[in-house]
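Note that the numbering runs from 1 along the sequence shown for the chain.
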Amino acid sequence: MNKIFLGLVFSILVISIGNYAYAQTVEFNSVHFTDPVVIIETSLGDITIEFFPTDAPKHVENFLKLASSGFYDETLFHRIIPGFMIQGGDPNTISGDQNTWGMGGPVDKDGNRERVDAEFNPIKHNRGIVSMARSADPNSGGSQFFIVHQDSNFLDEQYTVFGRIVTHESFDTLDKIANVPTGDRDIPINHEAVRILSAQIANRADVPEILELPEPERTLSTTPMAGSQQFESPEHNISLTVPDGWLLQTPDKTMPDSPDIVAVGPKVGVMNPVISLTVQETKQRSFDDLIREKDSALKEAIDSGNLKIIGKQKKTINGFEAYELNAQGYFSSNGENVNVKFKEVMFYDSEKFYTLSYANGLDDYNSQLPQFEDTISTFAILSDDIIPVDNLDTEEPDENGGCLIATATFGSELAPQVQQLRELRDNTLLSTASGTAFMTGFNQIYYSFSPSIADYERENPIFKEFVKIAITPMLSTLSIMEYAESESQVLGYGIGVILMNLGMYFAAPAIVVFAIRNQFRK
């Protein structure tokens with residue numbers, strides 16, 4: 001259960017540990033390697049990886065074993081999010097059904113999945129870091145790994161860092177792969193452009209042009225320092241940090257765009273610096289729709305000369321689509337015109353969007369800007385973190401009410417199917433007018449009874465198992481909708497799926513009951 005932590009002080013520390021011991025002697029297939037590196041040859045260039053055996057010995061051993069056996073050969077970087085990471089290492093991407101990409105891994109001779117226990121360590125997920133993908137179970141690492149494209153420190157100490165890339169060509173190749181066009185589920189459209197041709201182990205000394213990088217940057221979240229206070233909101237399912245010593249408030253929401261969380265700092269210049277968070281419903285509007293609304297709302301102030309836009313851009317922050325806006329303007333305070341500079345970042349999720357803002361007097365703006373950058377870097381949606389895991393339905397359902405399907409399948413083998421259902425909703429249905437209209441009506445009906453059933457599932461485990469069994473056929477039939485590519489196909493396939501489910505859940509049982517009844521009459 002989420003709690004509000006006020007006054008909890010922590011900071012990110014960079015520690016120096018002397019000359020880091022990378023050297024390790026490893027033996028595979030009767031071949032000795034001293035201080036091994038792995039060279040991944042891809043369609044767009046080579047990626048050379050060095051390892052951190054002291055921090056993650058089991059993961060390093062696992063990766064070297066898989067690379068030496070040819071396990072990664074012909075696999076793809078199947079999930080690409082520019083500004084965040086590229087993910088690969090799934091054997092299903094060699095010849096398996098695309099719907100199974102992200103679910104594969106190594107198995108033993110008996111067909112059981114081989115897993116590596118978590119070795120979380122304080123190495124920060126900065127650009128070029130290689131880390132292990134996993135499911136909700138921390139000890140579920142296998143073969144899938146990801147390489148960080150841009151600093152993603154919200155992952156720190158939640159995923160096992162075991163290496164980093166170490167040549168100029170590696171960083172160039174990382175950028176090339178990250179910029180490959182993608183489609184649904186962040187899958188590259190041109191598979192051949194991101195194929196791993198081979199993965200070879202080599203001695204570090206035999207590889208030319210390896211960069212002499214400094215020791216990896218680290219964080220010690222357990223070491224308290226003055227700097228930030230952490231805040232978690234069970235109401236909005238978010239967490240973030242605000243500067244230590246600032247007054248943290250959760251004011252009553254009087255308007256849809258009024259802030260839900262406000263942190264006010266001590267006054268130094270003409271005004272108190274302010275950081276605020278506003279949470280709003282998307283109401284099925286796309287990210288671009290919200291950006292257009294934002295720009296339209298500011299137009300009057302811009303035209304009047306009271307506001308000047310310094311810069312704005314779409315980007316990826318903490319794995320979310322984000323829109324960053326920097327502006328400066330004159331605002332009235334106590335009868336005086338104050339020259340205010342502010343920065344705003346809007347994070348987009350399918351159901352809600354979150355706007356983080358910072359405002360301060362022009363002369364004092366830069367003094368607190370690093371504090372706001374820390375707030376941005378620590379912002380997380382607790383119920384739906386965007387993380388490099390492919391069976392993403394890992395969040396625990398709400399304690400009261402909620403979705404009966406998510407409650408029934410939480411932590412079960414059906415979690416991947418539920419995630420596909422969510423992606424189907426977001427990427428297929430909500431991209432068409434008929435699909436959007438259907439989902440609007442469906443949600444009104446579904447959530448009129450779903451919370452009550454979800455509550456009863458939590459109280460009665462046997463009933464929960466019954467619901468899980470009952471919804472399995474429905475989840476299977478809904479996968480047909482993934483093949484819909486146009487408005488007419490969404491409508492046609494949707495009607496077909498509805499009729500199919502009506503047949504399974506109503507017509508077939510009615511026929512059976514009717515037959516039994518006739519049998520008894522005879």
- Message: Working note: Phe84 + Leu155, criterion side chain to side chain contact (heavy atoms under 4.5 Å, CB included); need CA distance, chi angles, decisive distance, verdict.
- Response: CA-CA 11 Å; Phe84 182 21; Leu155 302 176; 3.8 Å; yes
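- Here the options are Ser357, Ser258, Pro259, the test is side-chain contact (heavy atoms from CB on, under 4.5 Å), and the partner is Thr278; only Pro259 passes.
- Every pair passing ring-ring contact (aromatic ring centres under 6.0 Å, His included) that includes a residue from residues 238-288 is listed here, sequence neighbours excluded: Phe287-Tyr348.
- In this structure, Asp90 contributes its side chain and Gly102 its backbone to a donor-acceptor pair below 3.5 Å.
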- Assess whether side chain to side chain contact (heavy atoms under 4.5 Å, CB included) is satisfied between Ile187 and Phe77, documenting all intermediate values. CA-CA 8 Å; Ile187 293 176; Phe77 282 102; over 6 Å; no
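- For the 3.5 Å distance criterion, the side chains of His125 and Asn153 fail to qualify, holding no donor opposite an acceptor.
- Under the salt bridge (charged side-chain N to carboxylate O under 4.0 Å, His left out) criterion, the residue pairs touching residues 271-287 are Arg285-Glu293, with sequence neighbours excluded.
- Under the side-chain contact (heavy atoms from CB on, under 4.5 Å) criterion, Leu362 pairs with Gln328, Asn339, Lys341, not counting sequence neighbours.
- Counting only N and O atoms by type, the side chains of His78 and Asp186 include no donor and acceptor under 3.5 Å apart.
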- Message: Test side chain to side chain contact (heavy atoms under 4.5 Å, CB included) on Phe353 and Phe347; report intermediate values, then the result.
- Response: CA-CA 6 Å; Phe353 64 102; Phe347 294 91; over 6 Å; no
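- The main-chain N or O of Ile123 is found under 3.5 Å from a side-chain atom of Asn121 such that the two form a donor-acceptor pair.
- Judged by a 6.0 Å distance limit and a 45° cone about the ring axis, Arg134 is positioned over the six-membered ring of Tyr159.
- Judged by distance alone, with hydrogens and angles left aside, the side-chain atoms of Ser239 form no donor-acceptor pair with the main-chain N or O of Asn237 at under 3.5 Å.
- In this structure, Thr100 contributes its side chain and Met103 its backbone to no donor-acceptor pair below 3.5 Å.
- A donor-acceptor pair under 3.5 Å is formed between the side chain of Thr375 and the backbone N or O of Gln371.
- Partners of Tyr358 by ring pair (Phe, Tyr, Trp, His ring centres under 6.0 Å), not counting sequence neighbours, listed by chain and number: Tyr365, Phe372.
- In this view, Asp151 satisfies the salt bridge (Lys or Arg N to Asp or Glu O under 4.0 Å) rule with no residue, not counting sequence neighbours.
- Remark: Gln368 engages no residue in a side chain to side chain donor-acceptor pair (under 3.5 Å) (not counting sequence neighbours).
- Ser286 and Asp288 form no side-chain donor-acceptor contact under 3.5 Å, judged by distance and modelled atom types alone.
- Remark: side-chain polar atoms of Ser296 are not paired, donor with acceptor, to backbone N or O of Arg292 under 3.5 angstrom.
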